[in-house]
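This report concerns only the one structure given below.
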Amino acid sequence: MVLTTDVKRWWHTQPAITQVLLGLTVGVFLIEWLLGGSTMTTVLYFLGAKNDQAIIAGQWWRFITPVFLHMGLMHIAVNGVVIYFMGMQIEALFGHWRMLVLYLLGGISGNIMSFALSPDQSVGASTAIFALFGAFLMVGESFWENPVIRQLTQQFLLLTVVNLVFDVFSTGIDIWGHVGGLAGGFLLAYVLGVPRVGPIPKVKRILAAVVLILAWVALLKLGFTNWQ
């Protein structure tokens, strides 16, 4: 009975989904380490890294599993910090279940774009993290008249631009995954709505859903065309 009460209190007072996602990510990283190391491409492939040929062969789970995989301690350390602090804010705005959908489907969106446009194997939560950035930008666009949201949106927009510019001039980074996650999170946020802040026009929500689905279909078709 006490345990049930504690769980309910945790669920209602803490960013529960963010904490669970971060815990899963750390747990998977420990599995990578036990299997031989997080920098071994064979280990990452075995655990579900995004690999275009494997996806074409029918391993569709590789659109989501890369979100929980990381290459090296620095990779998971940086992403882990961003997941926690960005996740707390998004979960406070959208609620638990919307946060979960944004994170997972946003990560999938990033990996779908990466599948379509990048031949390289890739891993990392950055696709989902950029989806959270996109979701916050949607809140900023929809509720720009709110001075607090406007100020935060300007800060997150600057952070997003800086990250994308950094991607362009860096090697080994899946920029298409980041762009796909950002766009996916922006559209998904419209579809899901953000009732804790205010209503989103129904027309915008329907239009965002249509654009998102069409984009997924087009990118999947492009990926299967490019890599077969």
Side-chain angles (χ1 to χ4, degrees), residues 13-22 24-25 64 67-68 76-114 124-168 173-209 211-212 215-216:
T13 62
Q14 298 294 320
I17 294 298
T18 298
Q19 293 174 1
V20 169
L21 290 170
L22 185 56
L24 285 173
T25 302
I64 184 58
V67 172
F68 297 96
I76 190 174
V78 172
N79 279 355
V81 170
V82 180
I83 289 170
Y84 185 72
F85 287 103
M86 191 66 195
M88 281 197 304
Q89 298 191 55
I90 292 297
E91 196 163 349
L93 288 171
F94 286 85
H96 296 316
W97 297 118
R98 286 179 174 84
M99 163 63 187
L100 180 62
V101 173
L102 282 167
Y103 191 88
L104 297 180
L105 290 187
I108 289 172
S109 294
N111 286 319
I112 286 175
M113 181 169 279
S114 176
S126 296
T127 52
I129 289 171
F130 269 86
L132 300 185
F133 285 144
F136 202 98
L137 295 180
M138 169 270 173
V139 174
E141 189 279 327
S142 298
F143 304 98
W144 188 254
E145 71 281 356
N146 184 310
V148 175
I149 289 178
R150 181 166 63 248
Q151 182 180 7
L152 288 172
T153 301
Q154 291 171 338
Q155 295 173 0
F156 279 115
L157 179 59
L158 177 61
L159 181 61
T160 302
V161 171
V162 168
N163 273 277
L164 290 175
V165 171
F166 178 78
D167 289 351
V168 172
I173 292 180
D174 186 2
I175 186 171
W176 291 118
H178 294 181
V179 172
L182 181 69
F186 186 78
L187 294 171
L188 281 164
Y190 273 116
V191 176
L192 294 171
V194 52
R196 292 186 177 185
V197 181
I200 303 296
K202 189 174 182 180
V203 172
K204 280 190 173 183
R205 299 180 69 177
I206 294 173
L207 181 61
V211 171
L212 182 64
W216 282 347

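The structure displayed is predicted, hence computed values, not measured ones. Excluded from the calculations below are hydrogen atoms, water molecules and symmetry mates; all remaining heavy atoms, backbone and side chain alike, are included.
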Which pair of non-hydrogen atoms, one from [X] and one from [Y], has the smallest distance, and what is that distance?
X      : Y      : value
Ile149 : Gly140 : CG2-CA, 3.8 Å
Phe94  : Val194 : CE2-CB, 3.8 Å
Ile175 : Leu164 : CD1-O, 4.1 Å
Ala189 : Leu102 : N-CD2, 3.8 Å
Ile17  : Glu91  : N-OE2, 2.9 Å
Ala125 : Tyr103 : CB-OH, 3.5 Å

Find the distance between [atom1] ([X]) and [atom2] ([Y]) and round it off to the nearest 0.5 Å.
X      : Y      : atom1 : atom2 : answer
Met138 : Leu93  : CE    : CG    : 10.0 Å
His96  : Arg98  : NE2   : CZ    : 12.0 Å
Ile173 : His178 : CD1   : NE2   : 6.5 Å
Ser126 : Leu132 : OG    : CG    : 11.0 Å
Leu159 : Gln154 : CG    : CD    : 14.0 Å
Thr127 : Leu104 : OG1   : CG    : 10.0 Å

pair Ile90-Val139: side-chain heavy atoms closer than 4.5 Å: no
Sub-4.5 Å side-chain heavy-atom contact between Val165 and Val162: no
Stepwise side chain to side chain contact (heavy atoms under 4.5 Å, CB included) check, Leu182 with Leu137: CA-CA 9 Å; Leu182 181 69; Leu137 295 180; 4.2 Å; yes
Asn111 vs Ile64, side chain to side chain contact (heavy atoms under 4.5 Å, CB included): CA-CA, chis, key distance, verdict: CA-CA 8 Å; Asn111 286 319; Ile64 184 58; over 6 Å; no
Stepwise salt bridge (charged side-chain N to carboxylate O under 4.0 Å, His left out) check, Glu141 with Arg150: CA-CA 8 Å; Glu141 189 279 327; Arg150 181 166 63 248; over 6 Å; no
More than 12 heavy atoms from other groups under 6.0 Å of CH2 on Trp216: yes
Over 12 non-hydrogen atoms of neighbours within 6.0 angstrom of CH2 in Trp97: no
For Gln19, side-chain hydrogen bond (donor to acceptor under 3.5 Å, both in side chains) partners two or more places apart: Trp10, Gln14
Pairing residues for Ser114 by the side-chain hydrogen bond (donor to acceptor under 3.5 Å, both in side chains) criterion, not counting sequence neighbours: Lys50, Asp174
Side chain to side chain contact (heavy atoms under 4.5 Å, CB included) assessment of Leu21 paired with Leu100: CA-CA 8 Å; Leu21 290 170; Leu100 180 62; 4.1 Å; yes
Arg196 side chain vs Ala92 backbone, donor-acceptor pair below 3.5 Å: yes
Trace of the side chain to side chain contact (heavy atoms under 4.5 Å, CB included) decision for Leu212 with Tyr190: CA-CA 10 Å; Leu212 182 64; Tyr190 273 116; over 6 Å; no
Distance flag, aromatic centroids of Phe133 and Phe136, threshold under 6.0 Å: no
